[in-house]
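In what follows, a structure is listed as structure tokens, so that the remarks can point back to it.
Each ligand, and each atom within it, is numbered from 1 in the order the structure gives. What you see below is based on every heavy atom in this structure, not just the backbone, and it leaves out hydrogens, waters and symmetry mates.
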Amino acid sequence: MDISSYVGGHWVLPDKTAKPVLSAVTSEPVARIGTATLDTELLLNYGRLQGGPALRELTFHERATRLKALATLLNDHKAELTELSFHTGSTRADSKIDIDGGIGTVFVFASKGKREMPDAKVLCDGDIEQLSRSGTFVGQHIYTSKPGVSVQINAYNFPVWGMLEKLAPSLLAGVPAIVKPATVSSYVAHACFKLMVESEIFPAGSMQFIAGRTANLLDALGCQDMISFTGSAYTAQKLQSNPSLLKKGVKFSAEQDSLNATVLGQDVKSGSSDFNVFVDEVVREMSAKAGQKCTAIRRILAPENLVTDVIDAVSEKLSAIRIGEPSLEDTDMGSLVSLEQRSDVLSKIETLSHECELVFGDKALDINGASVESGAFVSPTLFHCAEPLSASSVHSVEAFGPVATVMPFKNTESACALLNRGGGSLVASVVTSDKTVAADIVATSAAFHGRLYFNNTDSAKEATGHGSPLPHMTHGGPGRAGGGEELGGIRAVKHHMQRTSVQASPDLLSGITGNFVPGATKTESRVHPFRKTFNQLAIGDTIVAGPRVISLEDIETFAHFTGDTFYAHMDEAAAKANPFFPGRVAHGYLLLSFAAGLFVDPDPGPVLANTGLDGLSFQKPVVAGDSLSVSLTVKRKTRRNDEYGEVRWHVQLQNQDNDQVASYELHTMNAY
Ligand code: NAP
């Protein structure tokens with residue numbers, strides 16, 4: 001199989017300088033990869049001048065709809081991608097993490113894009129800031145798409161997930177991607193990429209693919225481009241220090257290796273169900289993907305009196321793991337990705353053995369259906385480090401395979417000291433049922449880790465796993481882990497956009513964001529807005545209704561009807577004694593109900609349902625004799641499906657002196 005690059009809308013075949021990529025299991029050639037040259041100018045122009053503008057023509061919702069189509073397409077091709085992945089040493093279960101996990105991630109971004117982003121091209125960040133006394137000059141932070149490219153350099157261990165978790169947020173952000181997979185598993189990424197690009201679901205130029213090296217691409221990047229790198233700390237440092245990137249301030253986000261740890265809480269008894277949760281989690285993390293996960297557990301911290309029990313329990317489970325040909329149903333753990341990777345892991349094991357005692361592993365390997373000579377198989381390997389506070393390699397050497405070290409701690413404080421010795425990690429986990437232990441670890445260690453994962457018997461059934469980054473939660477960690485951040489829902493989309501603070505009049509800001517801004521011009525239309533379809537409604541369309549005088553009888557009727565006879569509505573003296581009220585006041589919910597009574601148009605029409613309200617605040621008490629007016633203004637419209645969309649209305653309630661007494665954002669579903 002030839003692994004072509006996809007540049008400027010064309011496939012570029014490997015040339016005669018190309019090298020074979022070997023199967024991790026048989027060492028036979030699986031693919032050929034490499035070209036001596038790369039047309040960097042074409043690559044960048046196709047992305048920046050064709051892909052970017054076409055993507056930015058689409059709204060966030062239109063991009064999200066395409067992401068869903070992309071995920072649905074890939075879902076239909078899982079079997080062939082899994083078949084290819086066997087060559088990388090991955091079992092079927094490993095491929096589920098990579099392939100199903102990657103597709104699931106795209107589905108989540110599609111759905112979040114629709115539910116949490118506007119059907120627009122500009123994303124607002126936070127609320128309007130009042131910058132002037134009378135509200136004629138206001139501020140708003142906004143995000144807009146960067147007009148550059150996102151260069152996505154991926155590690156070898158998750159050729160599908162690693163590509164999709166970067167691609168989905170960048171496409172949703174409207175930024176075209178240039179994907180560069182790791183060579184050794186590039187044929188899996190290539191097969192997945194080919195399906196996506198040939199589907200033409202996204203516009204031409206939205207995605208390109210580099211098979212092999214990046215030539216002078218990094219030197220040619222500018223301030224609107226960005227690099228998302230995943231891989232070793234060594235490569236990250238090398239790429240990040242490129243003088244051209246530094247000079248031009250090109251954004252570089254790094255997801256690196258880390259010495260992730262897990263802690264067994266001091267409250268846990270040997271052999272208890274929490275203890276078993278801990279042991280299962282450790283064994284799963286050591287063996288899944290043969291330990292080639294950036295989030296895998298490398299350091300196992302146990303209370304000193306439980307170290308022997310932990311070693312025994314983990315070793316017993318490790319000894320039951322069947323290593324072998326990854327496609328066989330009765331194989332539990334496949335191989336590393338290549339013989340070179342095995343040499344690297346074996347040399348790291350050798351380094352660790354200077355400080356630690358080997359307690360499991362290094363046995364003559366019994367390989368299920370394959371040969372240890374041609375396949376990159378390695379035994380799960382467990383070390384014990386008796387003096388971890390004075391040791392160094394256990395806290396700094398990443399053996400990227402099924403290798404971990406058990407180490408003792410005296411109390412939660414010393415467990416935290418060890419946790420933090422990794423110098424920053426992607427994830428740390430703790431098995432405990434003690435709230436104080438959990439809170440103490442957060443106070444001392446959260447700042448050193450991108451993710452803290454607590455598990456115990458209560459959560460074990462549904463817990464998502466120490467090593468699983470989730471699209472909803474941020475992935476990335478400080479220090480050694482690279483300091484980057486990916487995923488985390490819409491945060492990941494924002495990483496591809498520029499945040500700009502915009503200061504302007506309410507009218508101009510409404511025009512810029514497509515949202516009604518309080519203080520902007522309202523349009524009182526002759527037709528009641530409830531008689532207008534979703535498509536007919538315009539931002540700023542307003543109805544003003546009222547006034548209605550509030551009587552004491554209204555307040556009492558409402559109190560007895562609802563059962564809300566709180567003293568502030570019923571007892572003049574008690575209400576007066578309260579610092580907030582001049583005497584008996586109307587219920588806030590009475591005001592809302594009267595407001596609805598004033599503004600609704602009762603007959604069946606385009607308004608299908610009131611689905612909620614946000615940001616309700618009562619600003620001034622209303623007493624008997626006050627009169628209430630309401631103004632209802634179209635603030636934002638969002639298409640939801642083929643039949644209806646959501647309209648958000650800015651609602652203001654005023655008294656006879658034009659003082660605002662309450663405001664909120666009302667949500668309705670309106671037919672097109
Ligand atoms: P790697 O050797 O650092 O390579 C990472 C990527 O960088 C590959 O695509 C590689 O391409 C590319 N690369 C290397 N030199 C380059 C250069 N001069 N110019 C442009 N690209 C270059 O890492 P790996 O062996 O693939 O992955 C294993 C490591 O990644 C482990 O340390 C693991 O902890 C880490 N990792 C971290 C995360 C995370 O999310 N934090 C996730 C997965 C893995 P070639 O393959 O063509 O050399």
Subset of ligand 1 atoms that lie under 4.0 Å from at least one heavy atom of [X]:
X: F229; result: 3 (O), 5 (C), 6 (C), 7 (O)
X: I153; result: 6 (C), 7 (O), 9 (O), 12 (C)
X: A182; result: 8 (C), 9 (O), 26 (O), 46 (O)
X: N157; result: 43 (C), 44 (C)
X: S232; result: 1 (P), 3 (O), 23 (O), 29 (C), 30 (O), 32 (O)

Open item on the list: On the six-membered ring of F400, is K293 placed so that its NZ or CZ lies under 6.0 angstrom from the centre and within 45° of the ring axis?
Closed with: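 Negative - K293 is either too far from the ring of F400 or too far off its axis.
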Among protein heavy atoms, which lies nearest [atom], and at what distance?
atom: atom 5 (C) of ligand 1; answer: T230 O, 3.5 Å
atom: atom 41 (N) of ligand 1; answer: Q256 O, 2.7 Å
atom: atom 33 (C) of ligand 1; answer: F400 CE1, 3.2 Å
atom: atom 35 (C) of ligand 1; answer: G231 O, 3.3 Å
atom: atom 11 (O) of ligand 1; answer: K180 NZ, 3.0 Å
atom: atom 39 (C) of ligand 1; answer: C294 SG, 3.3 Å
atom: atom 20 (C) of ligand 1; answer: T214 OG1, 3.3 Å

With [atom] as the reference point, say which of [options] has the nearest heavy atom.
atom: atom 19 (N) of ligand 1; options: L239, T183, V21; value: L239
atom: atom 6 (C) of ligand 1; options: N154, T235, L218; value: N154
atom: atom 27 (O) of ligand 1; options: A155, G34, S186; value: A155

Using distance alone, with no hydrogens and no angle criterion, decide if [X] and [Y] have a side-chain donor and acceptor under 3.5 Å apart.
X: N45; Y: Q50; result: no
X: S23; Y: T26; result: yes
X: T230; Y: K166; result: yes
X: H395; Y: R299; result: yes
X: K248; Y: S244; result: yes
X: T235; Y: S232; result: yes

TODO: Would you please determine whether H475 falls within less than 4.0 Å of ligand 1 on a heavy-atom basis?
DONE: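 H475: in contact with ligand 1 (<4.0 Å).
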- [ ] Could you tell me if any non-hydrogen atom of Y234 lies under 4.0 Å from any atom of ligand 1?
- [x]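 Distance cut 4.0 Å: Y234 fails for ligand 1.
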Part of [X] with heavy atoms under 4.0 Å of ligand 1, whether side chain, backbone, both or neither:
X: R213; result: side chain
X: P181; result: backbone
X: T295; result: neither
X: Y156; result: both

Taking atom [atom1] of [X] and atom [atom2] of [Y], what is their separation to the nearest 0.5 Å?
X: N154; Y: Q152; atom1: CG; atom2: CD; value: 7.0 Å
X: I97; Y: T91; atom1: CD1; atom2: OG1; value: 7.5 Å
X: F278; Y: L301; atom1: CZ; atom2: CG; value: 7.5 Å

TODO: Could you tell me whether K194 atom NZ has more than 12 heavy atoms of other residues or ligands within 6.0 Å of it?
DONE: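 12 or below, so no.
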TODO: Count the heavy atoms belonging to other residues, nucleotides or ligands that lie under 6.0 Å from CD of E198, then report whether that count exceeds 12.
DONE: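 Counting other residues, nucleotides and ligands, CD of E198 exceeds 12 neighbours.
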Task: Plane angle bin for Y187 and H87 - parallel if under 30°, tilted between 30 and 60°, otherwise perpendicular - done: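 Perpendicular, since the angle between the ring planes exceeds 60°.
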Task: Min N/O separation E398 to ligand 1 under 3.5 Å - done: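 By distance alone, the answer is yes.
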